[in-house]
Asker: 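One structure, as structure tokens, below. Some questions next.
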Amino acid sequence: VQLQAFGGGSVQAGGSLRLSCAASTLSFNAFNTAWFRQAPGKERVFVATLLQNSNNAYYNDSVKDRFTISRDNAKNMLFLQMNSLKPDDTATYYCAATKGGWVKLPSTYEYWGQGTQVTVSS
């Protein structure tokens, strides 16, 4: 199983980016999926999750009302739309998938993308 995250880049504060994640041999709809991020020297933290076979999504309070996680079942893609970006959002972003239930914990996830860098300048 391989996940590939892409779509990162450099933007100014207030801008937007859309991250995408593609999967081989794994159906996103059948897994709990999530985005995490990790800033240099810091732990990997939960950003957003979309539960399997549903549209139930949960967010870190720091990104609520700015970020939206979504899934295209036909294309088997996972997305993270990021609006009103702030310098504190600067990090490497990872997509992940799991059959486990503790969806906000990185250790729950069996499958990870390689990460895509997001840099927000003030």
Side-chain angles (χ1 to χ4, degrees):
V1 175
Q2 184 174 7
L3 304 184
Q4 184 175 8
F6 54 96
S10 297
V11 297
Q12 290 190 328
S16 298
L17 282 173
R18 188 194 197 203
L19 306 183
S20 301
C21 182
S24 61
T25 69
L26 177 155
S27 173
F28 279 134
N29 191 48
F31 286 74
N32 292 325
T33 54
W35 289 93
F36 289 80
R37 67 187 182 187
Q38 188 168 17
K42 296 188 176 181
E43 294 184 347
R44 191 167 299 188
V45 299
F46 166 77
V47 175
T49 187
L50 184 60
L51 301 185
Q52 61 184 2
N53 298 315
S54 78
N55 290 318
N56 294 330
Y58 300 92
Y59 298 90
N60 186 307
D61 285 346
S62 66
V63 306
K64 200 173 296 182
D65 298 327
R66 298 189 298 123
F67 291 12
T68 302
I69 188 172
S70 63
R71 182 179 58 227
D72 184 326
N73 293 334
K75 296 181 179 179
N76 199 31
M77 296 284 292
L78 182 71
F79 303 103
L80 184 69
Q81 177 66 44
M82 305 186 295
N83 299 327
S84 302
L85 282 161
K86 304 175 181 180
D88 284 347
D89 295 319
T90 295
T92 300
Y93 284 71
Y94 299 88
C95 57
T98 182
K99 285 290 190 179
W102 297 95
V103 293
K104 295 184 179 181
L105 295 179
S107 59
T108 297
Y109 289 80
E110 301 94 1
Y111 308 109
W112 289 89
Q114 83 286 5
T116 184
Q117 177 67 36
V118 172
T119 303
V120 185
S121 58
S122 58

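Heavy-atom basis, side chains included; hydrogens, waters and symmetry copies ignored.
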Asker: Between Leu3 and Ala23, what is the shortest heavy-atom contact and its length?
Answerer: CD2-CB, 3.4 Å
Asker: Given Arg37, which of Asp89, Thr92, Asn60 fulfils the side chain to side chain donor-acceptor pair (under 3.5 Å) condition?
Answerer: Asp89
Asker: Heavy atoms, side chains only, cut-off 4.5 Å: are Gln114 and Gln2 in contact?
Answerer: no
Asker: Using the rule that Ile, Leu, Val, Met, Phe, Trp and Tyr join whenever any side-chain heavy atoms are under 4.5 Å apart, tell me whether Val120 and Phe36 fall into a single cluster.
Answerer: no
Asker: Can you hop from Leu80 to Tyr109 via hydrophobic side chains spaced under 4.5 Å?
Answerer: no
Asker: I need the Leu26 CG to Phe31 CZ distance, nearest 0.5 Å.
Answerer: 4.0 Å
Asker: Honestly curious: do Ile69 and Met77 fall in one hydrophobic cluster under the side-chain, below-4.5 Å linking rule?
Answerer: no
Asker: Asp72 versus Phe28: any side-chain heavy-atom pair under 4.5 Å?
Answerer: no
Asker: For Asn55, is the CG atom crowded, meaning more than 12 foreign heavy atoms sit under 6.0 Å from it?
Answerer: no
Asker: Are any non-hydrogen side-chain atoms of Trp102 and Ser107 less than 4.5 angstrom apart?
Answerer: no
Asker: Say whether Ser27 and Asn29, considering side chains only, have a donor N or O and an acceptor N or O under 3.5 Å apart.
Answerer: no
Asker: Counting only N and O atoms by type, is there a donor-acceptor contact under 3.5 Å from the side chain of Arg71 to the main-chain atoms of Gln52?
Answerer: no
Asker: Can a side-chain donor-acceptor contact be found between Gln12 and Ser121 if the only test is distance below 3.5 angstrom?
Answerer: no
Asker: Counting neighbours of CG on Asp65 that are heavy atoms of other residues, nucleotides or ligands and sit closer than 6.0 Å, is the number greater than 12?
Answerer: no
Asker: Should we count NZ of Lys75 as having more than 12 external heavy atoms under 6.0 Å?
Answerer: no
Asker: With the side chain counted from C-beta on, respond yes when Thr108 and Phe46 share a heavy-atom pair under 4.5 Å apart, and no when they do not.
Answerer: no
Asker: I need the Tyr59 OH to Lys104 NZ distance, nearest 0.5 Å.
Answerer: 12.0 Å
Asker: With a 4.5 Å cut-off on side-chain heavy atoms, are Tyr58 and Leu51 touching?
Answerer: yes
Asker: Check whether any side-chain heavy atom of Gln117 lies under 4.5 Å from a side-chain heavy atom of Thr90, and answer yes or no.
Answerer: yes
Asker: Let me know which of Leu50, Thr49, Thr33 forms a side chain to side chain contact (heavy atoms under 4.5 Å, CB included) with Val103.
Answerer: Thr49
Asker: Taking side chain to side chain contact (heavy atoms under 4.5 Å, CB included) as the criterion, tell me which of Trp35, Phe67, Tyr94 meets it with Leu19.
Answerer: Trp35
Asker: For the pair Lys99 (side chain) and Ala30 (backbone), establish whether a donor and an acceptor sit closer than 3.5 Å, ignoring hydrogens and angles.
Answerer: yes
Asker: Can you find a pair of side-chain heavy atoms, one from Met82 and one from Arg66, that are under 4.5 Å apart?
Answerer: no
Asker: Starting from Leu85, can I reach Phe79 by hopping between I/L/V/M/F/W/Y residues whose side chains sit under 4.5 Å apart?
Answerer: no
Asker: Do side-chain atoms of Asn32 reach the backbone of Gly101 as a donor and acceptor pair under 3.5 angstrom?
Answerer: no
